[in-house]
Amino acid sequence: MAKPSKKPVGITGLGMYVPSRVLTNHDVERLVDTSDEWITSRTGIKRRRIVKPGTPASDLAVRAGRKALRAAGLRPEDVELIIVATITPDTPMPSTACFVQTKLGASRAICFDIGAACSGFLYGLVTAEQYIAGGIVRNALVIGAEVLSCVTDWTDRSTCPLFGDGAGAAVLQPVRSGGILASYLGADGSLSDKLCIPAGGSRQPASRETVDRRLHTLKMHGNEVFKHAVRIMAEAGRRAMHDAKLGCADIALVIPHQANLRIINAVRERMGLPTEKVFLNVAKYGNVSAASTAMGLCEAVQRKRVVKGDIVVLVAFGAGFTWGSVVIRL
Ligand code: UT7
């Protein structure tokens with residue numbers, strides 16, 4: 001599915017939030033049999049942010065969302081749609097977007113969550129774009145928010161160094177020109193077992209056994225996910241750029257999902273991009289799933305890596321498998 005948008009819809013405000021507590025690789029060394037050297041060389045991750053236990057994803061989402069609304073000059077009571085992309089919702093029901101609505105005071109907003117794992121923020125952007133372009137709402141707040149520390153198996157060295165907590169948010173509104181130029185989304189459910197949280201849903205409801213077997217935590221076939229991530233993220237990035245009729249020279253910055261530095265470098269090579277055109281913050285935050293590309297875009301703007309008028313490409317891959325790319329003129 002790929003199509004250029006008709007009525008231009010753009011990002012008019014961005015915000016992010018990470019908890020203050022830092023967990024370094026040396027801290028992880030004290031939990032499992034690993035080393036800073038292994039984690040750094042295999043993933044590029046040096047540290048990650050972790051919430052105080054009991055902090056729900058909506059708390060992070062609200063902090064990021066408020067900043068995005070402020071940047072857009074939009075009052076909470078004027079927000080018409082809230083989409084939260086997350087794999088760590090506050091509760092299975094109701095949606096985290098509903099908790100965010102109440103905490104923000106955005107009582108007019110339609111609210112729902114998107115479950116597309118690390119691609120969730122991009123699925124959210126494309127969904128919100130269609131709501132606005134179709135005239136259903138005049139603005140939307142799209143938030144990627146994760147408390148991955150609560151679904152991490154802190155006894156499993158093959159996954160626990162990888163993940164962190166955080167949130168990133170974007171306000172979408174009609175714009176005169178630019179905005180979302182093209183997008184490309186995809187999924188392959190036949191590979192769902194490669195990266196999943198096996199229990200806690202209707203297939204394996206929570207029980208003493210599922211808890212004892214740690215089936216409420218993330219399980220991953222790292223090698224297989226790695227191979228698919230490289231191939232599909234590069235392909236997704238190229239597809240959306242092609243649809244927007246843009247080449248690498250037109251792009252100011254590519255902001256890939258920050259799962260692993262080696263994946264990002266391999267994607268960069270496949271896309272034929274120079275290092276300076278690829279945004280990185282994986283060393284500081286690790287893999288923050290649905291929050292990753294949102295936080296990346298926000299930081300890129302904060303650090304003035306990109307300015308108004310620049311074209312950025314967001315690209316992500318995650319559990320499902322799901323993937324997506326969005327080309328935006330800021
Ligand atoms: O966000 C969604 C997308 N997720 C991703 O994109 C993640 C994709 N996968 C990856 O990033 C990588 O596969 C990992 C970082 C998870 C693992 O890297 P790898 O190079 O694929 O390592 P591996 O799983 O092949 O393991 C290599 C060795 C194994 O030991 P043996 O069997 O060779 O003796 C593991 O037991 O490294 C061992 N190992 C570790 N050693 C020290 C695995 N985890 C660790 C660890 N510390 N933390």
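As the structure is a computational prediction, the values presented were derived from the model and not from experiment. Both ligands and their constituent atoms are indexed starting at 1 by order of listing.
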Short N-O contact, E224 and K227, less than 4.0 angstrom:
no
Is any side-chain heavy atom of E80 less than 4.5 Å from a side-chain heavy atom of I110? no
Judged by heavy atoms only, the candidate from T322, V288, N223, V32 nearest atom 24 (O) of ligand 1 is N223
State whether the shortest distance between N or O atoms of G222 and N or O atoms of ligand 1 falls below 3.5 angstrom. yes
- Can you find a protein heavy atom closer to atom 37 (O) of ligand 1 than 4.0 Å? yes
Close side-chain approach of P19 to T55, heavy-atom, < 4.5 Å: no
Do protein heavy atoms approach atom 33 (O) of ligand 1 to less than 4.0 Å?
no
Review point. Do the charged groups of E235 and R231 touch, with an N to O distance under 4.0 Å?
Key: no
Ligand 1 atoms nearer than 4.0 angstrom to some heavy atom of C118 are 1 (O), 2 (C)
among protein heavy atoms, the one nearest atom 47 (N) of ligand 1 is T34 OG1, 2.6 Å
The answer for which part of P161 has a heavy atom under 4.0 Å from ligand 1 is side chain
At under 4.0 Å between heavy atoms, what of I39 touches ligand 1? The answer is neither
Taking the side chain as C-beta and beyond, is there a heavy-atom pair between N260 and V282 under 4.5 Å?
no
Please output the side-chain donor-acceptor pairs of residues 320-328 that fall under 3.5 Å, not counting sequence neighbours, one pair per line with the distance.
| unit_1 | atom_1 | unit_2 | atom_2 | d |
| --- | --- | --- | --- | --- |
| T322 | OG1 | A116 | O | 2.9 |
| T322 | OG1 | S119 | OG | 2.9 |
| T322 | OG1 | A319 | O | 3.2 |
| S325 | OG | A236 | O | 2.6 |

Closest heavy-atom approach to atom 35 (C) of ligand 1 among M233, K227, R157 is made by R157
- Query: Is there a side-chain contact between S35 and E29, using heavy atoms and a 4.5 Å cut-off?
  - Reply: yes
Across all chains, not counting sequence neighbours, the salt bridge (Lys or Arg N to Asp or Glu O under 4.0 Å) partners of D188 are none
At under 4.0 Å between heavy atoms, what of T43 touches ligand 1? The answer is side chain
Can you find an N or O of N260 that's nearer than 3.5 Å to an N or O of ligand 1?
yes
Considering all protein heavy atoms, does one lie under 4.0 Å from atom 5 (C) of ligand 1?
yes
For L195, the atoms of ligand 1 under 4.0 Å from one of its heavy atoms are 2 (C)
At under 4.0 Å between heavy atoms, what of I263 touches ligand 1? The answer is side chain
Hey, are the side chains of L104 and R66 touching, using non-hydrogen atoms and a 4.5 Å cut-off?
yes
Atom 20 (O) of ligand 1 sits nearest the protein heavy atom R42 NH1, 2.7 Å
